[in-house]
Every structure is written in structure tokens, then in C-alpha cells.
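Please read all numbers here as calculations on a predicted model, not as lab measurements. In listed order, ligands and their atoms are each counted from 1.
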Amino acid sequence: MERVIDPSVLPQDDRRIRGASVSLSNLGKSYGSVTAVAGVSLDTRSGEFLTLLGPSGSGKSTTLMMIAGFETPTVGDIAIDGASVVAMPPYRRNIGMVFQNYALFPHLTVAENIGFPLKQRGVPKAERARLVSEALELVHLPGYGDRYPRQLSGGQQQRVAVARAIVFKPRLLLLDEPLGALDKQLRENLQLEMRRLHAELGITFILVTHDQDEALTMSDRIVVMNEGAVAQIGRPEDIYERPCNRFVAAFIGQSNFLPAVVCGLENGVVVAKCEGVTVRAATSLRPAIGAEVTLTIRPERLRFVDEFAEFGCPVNRMSVIVSEAVFAGERCRYLLKADGGASMVLKEATSAEVRRRAVGERAEIVWAVADTILV
Ligand code: ADP
């Protein structure tokens, strides 16, 4: 955090402090005629790991910057622990912040970088040294205090940035695409480390990312954003298993979309005609008979079967032609053509035991009624 002059009292020795709760009420931000954030309302619980996920331009960073205090809302309110902070300058909000580009001071050592927010708060030197070495331990970089940022890898620099953001024991940490500049392997390692750190510190984390895998891996809850508004809020499994609309289904993971016409309602199940066959979808929606709907099925929920296979749960089945087969290491990805003309993707875990399908082959596929989502 920059320009933190307020000598607020630092919390006691124990590492676990209660996380802040954050409430956004109808929060909006416009730049001239551009609406960046269009009335976002949500509650972040104390100690939660909440992720704002959405495509580029969906208003994630602007929302985060308003929480941090670097942008002023055009409308709405932000409350931290129940008290509005809209009129409060950033340094008084006592929030830790990590950016994608690390933003370390190149001419300061690692220890000086991490100690910077403490110095601004007027923390005495000996106490500063103690807190810096505690923060270095927390990010698994003990003994790195005398190095300069240029002597560290990208991943290590980002850990230093995290240490600097938590050293003054904020109750809320905001992270704006913190792993965006790192390669895939390193990113995956750091994702797990950030989760560990979150659990260890017990404070509230709000993360911004456009990477759905990152959001699914790290978050307690995900806020899916689209065009400045909230499309869905839920636990990773809720968002993945029950996307509330086509945008969310397409953005989180891969999905097949099949046009269908509703032809009946059974208890808790919609019966529809799809690609010439009757399929069922478990849903709480009650569409009218004759309504045109879209069915969504995840590629890994489709399975090849032989014609006479039996199942322990209600399934839908369809006959298809394999039109493309791609081996991709742990999975095979097949493009299938249904008799009605729709294309579908099926992903199958590879194994020496599983027969690979050939292009042009006719095949039967099944998937559970419970995995059939109506959007
Ligand atoms: P995200 O973080 O999801 O990529 P942003 O919050 O950065 O999205 O931006 C949301 C929208 O607001 C975009 O259309 C962006 O161009 C616009 N925007 C953001 N900041 C400014 C600004 N300072 N001036 C004008 N438009 C802006």
C-alpha cells in the first residue's frame, strides 16, 4: 500500500486475526458514457476467499480498486465490517494489496521492500525486523532478506509482494491477477500456496482473475461478472454444476449447448425433444410445453457405451458419428455429430483399457439426467 502514514496500532503477536467482512451495495462506476461497474451487490464473509471472475472488461479490477479506495464509486456503498468506507482514503482502510506486476522497489532489498509499509506506519526498527522475518517465513522465503528484487525469480518476487501486503497484518487482502505474469506450472504451485496462506492467516482474501481454473481451485465462493454486473455467485461446485445461464456455462469450463423443445414435465424433470431423441433434464425451472430451450452438458460427463449397457441412474442417450478424435495426454477429445446435426464435444480419460474411437465411427453416448442443465 502506498502512502500509509497512519500509525495505526498493529495487532498483537498471534498470526491469526479475524478477517474483515465486506459489503457492496448497488456499487457502480462510470467513466463518461462507459459503465465499468453496473450496480454490484454482494457480501464477503469474514475470513472468506472470494474471487471476482470474468472476461476482460467485465469490471473486476474497477470493483477491486473501489474497495481499495483508489477509485471512487459513482453510486452505491462499500462497507467494511459494517461501516461505510467510501469517504475514507485508501491508507486508512488498512487493506493489503497485491498486483500482477509485483510493484517492488528495485533499489530496496527484499527486507526493505517488505518493511516499507511498517516504516510508513512508524513501527520501530527492531519490531520491523521481527515482522519482516515472520512475513518471509510465511511466504517460504526465509533468509532472502538481503537480496534485491532483480536477484529473484518472478515467482519469488511475487511472494515478496505478498509478504509486503500482509506484513502490517491487514484484515483484508486484495489480489489483482497476482499470478497473471507467471508460467502455468509456477502459477499452479502458487495457487496452492496462496490457499495455504489464506488458511494460515485467517484473513479475508478478494482475488480478481480471468482464469476460471484458478478461480475454481482457490475460492470459497466465486462471483462471475459480465459487463459490469454479477452473473452468478456461488461455491465453485455450484457455479460449475449449476450455471444459471448460458454465459456462465460457457465461461466456466467447456460446455455443449443443444437446442431442444419442451414436450413434458415430470416431477422435478423437464422432458424435451433434442436432436430427434427424448431427453430429460433435472431442473427447478418450469418452462411451458413447446418452449424452445438450450440444454447444457459438460464434455467430461458424456460417455461412450455399447448399445445394451445398463446404468444405476437415469440417463439420456443418443447415437452419434465421431467426426474428430484428438489425443491430448490425460484425455481424448472427440468431436461428435448428432443425427439432428448438432456438434458435441466428449472428453474421455485415457487408459490402456479404453478403446479409442475412430473418425467416422458410429457410437452410442449416454449422460446422466442430473448432468443435463437447462439454461
Ligand atoms: P476487468 O478488470 O474485468 O478487465 P475493468 O474493471 O478494468 O475490467 O474495466 C471495465 C470497463 O471499464 C472496461 O470497458 C474498461 O475499458 C473501462 N475502464 C476501466 N477503467 C477506465 C478508465 N480509467 N477510463 C475509462 N474507462 C475505463
Is there at least one pair of N or O atoms, one from K60 and one from ligand 1, spaced under 3.5 Å apart? yes
Short list, please: which atoms of ligand 1 are under 4.0 Å from a heavy atom of P55? 3 (O)
How close does the nearest protein non-hydrogen atom get to atom 21 (C) of ligand 1, and which residue and atom is it? Y31 CE1, 3.2 Å
Please list the nearest protein heavy atom to atom 17 (C) of ligand 1 with its residue and the distance rounded to 0.1 Å. V34 CG1, 4.0 Å
Is there a protein heavy atom less than 4.0 Å away from atom 8 (O) of ligand 1? yes
Is it true that the side chains of R331 and T350 contain a donor and an acceptor less than 3.5 Å apart? no
Classify the angle between the aromatic ring planes of H198 and F205 as parallel (below 30°), tilted (30 to 60°) or perpendicular (above 60°). perpendicular
Taking only heavy atoms of S58 into account, list the atoms of ligand 1 that are under 4.0 Å away from them. 1 (P), 3 (O), 8 (O)
Candidate with minimal heavy-atom separation from atom 6 (O) of ligand 1, of V37, N226, T62: T62
Identify the protein heavy atom lying closest to atom 2 (O) of ligand 1, giving its residue, its atom name and the separation to 0.1 Å. S61 N, 2.8 Å
Heteroatom distance test (V208, ligand 1): nitrogen or oxygen, under 3.5 angstrom: no
Mind checking whether A36 has an N or O less than 3.5 Å away from an N or O of ligand 1? no
Hydrophobic cluster membership, L258 vs I252, 4.5 Å side-chain cutoff: no
cation_pi(R221, F49) dist<6.0 Å, angle<=45: no
Under 4.0 angstrom from atom 25 (C) of ligand 1, is there any protein heavy atom? yes
Taking the cut-offs as 6.0 angstrom to the six-membered ring centre and 45 degrees off its axis, would you call R164 and F105 a cation-pi pair? yes
Flag yes if more than 12 heavy atoms outside E348 fall under 6.0 Å of its CD atom; otherwise flag no. yes
Is there a chain of hydrophobic side chains (I, L, V, M, F, W, Y, each step under 4.5 Å between heavy atoms) that links I95 to V223? yes
Less than 4.0 Å is my threshold; does some heavy atom of G54 fall inside it relative to ligand 1? no
Quick one about T109 and R147 (side-chain donor to acceptor, distance below 3.5 Å, no hydrogens or angles considered), yes or no? no
Pairing donors with acceptors under 3.5 angstrom, does anything connect the side chains of T296 and N256? no
Return the residue, atom name and 0.1 Å-rounded distance of the protein heavy atom closest to atom 1 (P) of ligand 1. G57 N, 3.4 Å
